[in-house]
Structures are given as C-alpha cells and as structure tokens.
Amino acid sequence: MAYGSPEHPEDIRPYLEDIREGRPVSDGAVEELTERYRRIGGRSPLDELTERQRAALERELGLPVYVGMKHWRPRIADAVEQAVDGGADRLVAVVLAPHYSALSIEGYRERLEAALQERAELVFVESWHDAELFIDVLADRIPGTDAHVVFTAHSLPERILAMGDPYKDQLLKTSRLVADRAGVERWSFAFQSESPTGEPWLGPDILDELTRLHAESVEQVLVCPVGFVSDHLEILWDLDVEARERAAELGLELDRIESLNDDPAFVAALGEVVREALRLPSSA
C-alpha cells in the first residue's frame, strides 16, 4: 500500500480533497501544488514506480501482489476486492513506509479492515524499520562518503510524542543502524515535508539543518531519506529543489542517495518482510 499521487494536473484538486476528506481546498493550495508538479516534470512518478515495485515483488515471492493507494487510484478497497475475488484466504498487508505512526499507518489499516470485512485472514505488518535487508540496501548507498550524512523522513505533528508514538524513535534507530553498517561517523537526522496545519511539527526541518551544518563549517552533505522508498514529490521537490536551493545559497555541496524504487536488492528486502510475516523460508 502507498499514499498515492495525482496522475494529471486536473486531478490535483480532487486529490487534495481526498486527503482533506472532502473539506474545501483553496485555489491557492491547488496552484501551489500544480506549480510544484510542473517544476518536477508535470507529475509524480510514484504510481508508476509503485506498480514496478508490485510486479517485481510478485516475481520475487511467486505470489499474487496487489497495489492499493490511500488517497488515489487504485484504492485499497480495489486491491482487497481483487485479492478476494482471486480466492485469497489470507492477506499480508505492507505499507511502503517503513516506520510506524498512529497518524499514518493506522489509516491504512482502517481502510483495509473496512474493505476486507473479515472475508479473509489479515496479517498486517506495522513496521519494518529495522529489517536486515532494508538496512543493508540503504547502507550500500553511503559507504566511504566524506560528506556529512543527513537522514530524513516526513515530519508529523509534534503531539505524537505525548501519545508515546514510536515514529521518531524508529527513525533514529534506522539511521543508527544504517550509519553503523556503512561506517559513517558524521551524521544527523532532520525532518522534511511539514504541512502548514498551524500546529508544531517534528523538527529540525532539513532546511534549518542545512543552515546549522553550514554554521559548523560543514562543506558536503549527503541526504539519505530513510522514510521514503521511491521517488515522488517529497523527494523530487522537497529535496531536489528546495533543499538544493538552500544548499546553493549557503555554499554547501549537497547530494542525495539514489532512491530505492524497484532496485532488486530493495525488492528482496520487501520479500523478506513478507516471508517473515507469513513465516515462510528465506529466499537466501
């Protein structure tokens, strides 16, 4: 399961309305998102990449794999119907977001359970932030770098900390594991993609972190977005446009790791997550 993204400019308003659960969306919000998509080539590659991940995982597992989007097509409910109509009596659900938060992952579970209505057994993977092969594929992208590594993920409202939500702790654990595996000593963590909701969000923001690193005489930064598993708006705009522009203003050399997308090593990592959930033998 993935978040989803609009396919065409005319889809942007209904996409935002879906996220806001039907509440009105301002013309300004539509225009801003339209401009961001224009700057990254007209549309997000998320849907295409998610389909490629699905097909590759299906080959990896030798089992039917379906895609369901939280806020766009194909819907999670559509994927459930496909699976049930195909005779499935047990479903393994994996969100293409490795870290658990009640504000994000639970929304997928709720949609899934509402569509399934107990017509099949459900095995829901809440988190795979420390899966060995996932850590490996990230670590393989940063060994031997001379740059200061900044790990990033999507920010969430700060109130999750009072809820005891494990999101931030899981992100820091992933970052530590990757840094240790890759032998990286100079690293930090920052959030990105904060939404303007009027409440405090988790920080520091990546743009502020770049300013801090510049003040500490850091010259090279390598961004490793551990919270994202494919190229989409939060990568192509928030990092490749906004963060690069801030780095250029500061005189910082900034690069980021190649996104996981349908890299065979990442697909193998997803396969192991599913096999562990099903308690199937490893492919290794």
Side-chain angles (χ1 to χ4, degrees), residues 1-8 11 14-22 43-129 131 133-134 154 166-167 170 227-230 232 260-264 266-283:
M1 294 179 288
Y3 199 78
S5 65
E7 300 170 30
H8 308 286
D11 297 325
Y15 169 74
L16 290 174
E17 289 173 344
D18 192 277
I19 293 173
R20 291 176 56 80
E21 299 180 339
R43 63 187 299 271
S44 166
L46 178 64
D47 294 345
E48 176 187 346
L49 289 170
T50 305
E51 170 54 26
R52 282 162 48 183
Q53 290 170 329
R54 182 209 65 77
L57 183 59
E58 189 168 82
R59 292 190 296 270
E60 168 75 17
L61 293 170
L63 297 169
V65 177
Y66 307 93
V67 165
M69 299 291 186
K70 189 177 185 181
H71 290 296
W72 204 241
R73 300 181 290 265
R75 300 285 184 174
I76 291 172
D78 298 331
V80 168
E81 292 308 314
Q82 278 187 283
V84 172
D85 290 348
D89 56 13
R90 181 167 55 160
L91 303 183
V92 176
V94 180
V95 182
L96 291 175
H99 307 86
Y100 176 85
S101 173
L103 293 189
S104 57
I105 302 302
E106 282 305 305
Y108 291 91
R109 189 202 299 265
E110 291 168 1
R111 286 165 171 78
L112 188 59
E113 291 178 342
L116 188 57
Q117 296 181 339
E118 299 183 342
R119 290 177 291 168
E121 178 187 353
L122 175 61
V123 180
F124 191 91
V125 178
E126 288 193 346
S127 168
W128 42 282
H129 67 285
L133 295 185
F134 173 58
H154 202 298
Y167 183 65
Q170 288 188 0
F228 303 98
V229 300
S230 64
H232 58 309
L260 304 183
N261 295 332
D262 58 342
D263 182 323
F266 173 60
V267 174
L270 280 179
E272 286 302 287
V273 170
V274 174
R275 289 187 183 95
E276 183 174 334
L278 288 172
R279 291 177 170 78
L280 296 175
S282 170
S283 63

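- Using bins of under 30°, 30° to 60° and over 60° for the plane-to-plane angle, the ring pair Y15/Y3 lands in the perpendicular bin.
- Enclosure of atom CD in E276 is not indicated, since only 12 or fewer non-hydrogen atoms of other residues, nucleotides or ligands lie within 6.0 angstrom.
- Salt bridge absent: E81 and R75 never bring a charged side-chain N and a carboxylate O closer than 4.0 Å.
- Taking all atoms of both residues into account, the shortest heavy-atom contact from I105 to A97 is CD1-O, 4.1 Å.
- D85 places no side-chain N or O within donor-acceptor distance of the main-chain N or O of Q82, the cut-off being under 3.5 Å.
- Taking the six-membered ring for Trp and thresholds of 30 and 60 degrees, H129 and H99 have ring planes inclined between 30 and 60 degrees apart.
- A cation-pi arrangement is found for K70 relative to Y108, the charged atom lying closer than 6.0 Å to the ring centre and inside a 45° cone about the ring normal.
- Checked for salt-bridge contact, R20 and E17 miss the test: no charged N lies under 4.0 Å from a carboxylate O.
- One finds the CH2 atom of W72 at 9.0 Å from the OG atom of S5 (value rounded to the nearest 0.5 Å).
- A side chain to side chain contact (heavy atoms under 4.5 Å, CB included) with V67 is found for one member of D78, T50, D47 and no other, namely T50.
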*Output, in order, the C-alpha distance, side-chain angles, deciding distance and verdict of side-chain contact (heavy atoms from CB on, under 4.5 Å) for H232 and L49.*
CA-CA 9 Å; H232 58 309; L49 289 170; over 6 Å; no

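- Checked by atom type, the side-chain pair Y100/E106 shows a donor-acceptor distance below 3.5 Å.
- Rounded to the nearest 0.5 angstrom, D262 CG and E60 CD are separated by 12.5 Å.
- For A131 against V273, the heavy-atom pair with the smallest separation is CB-CG2, 4.1 Å.
- R111 contributes a side-chain N or O that, together with a main-chain N or O of G107, makes up a donor-acceptor pair within less than 3.5 Å.
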R43 vs D11, side-chain contact (heavy atoms from CB on, under 4.5 Å): CA-CA, chis, key distance, verdict: CA-CA 10 Å; R43 63 187 299 271; D11 297 325; over 6 Å; no

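- Rounded to the nearest 0.5 angstrom, L91 CG and L112 CG are separated by 7.0 Å.
- With hydrogens and angles disregarded, a donor-acceptor distance shorter than 3.5 Å links the side chain of Q53 to the backbone of V229.
- Between V125 and V95, every side-chain heavy-atom pair lies at or beyond the 4.5 Å cut-off.
- Between V94 and F124 there is no side-chain heavy-atom pair separated by less than 4.5 Å.
- Note that OG of S230 is 4.5 Å distant from CG of L46, once rounded to the nearest 0.5 Å.
- With hydrogens and angles disregarded, a donor-acceptor distance shorter than 3.5 Å links the side chain of E58 to the backbone of V65.
- Note that CZ of R54 and OH of Y66 are 9.0 Å apart. Values are rounded to the nearest 0.5 Å.
- Nearest heavy-atom pair, A120 versus A88, reported as atom, atom and distance to 0.1 Å: CB-O, 3.8 Å.
- For the atom pair F134 CZ and L270 CG, the distance stands at 9.0 Å (nearest 0.5 Å).
- Taking 4.5 Å as the limit, every side-chain heavy atom of I76 sits out of range of all side-chain heavy atoms of M69.
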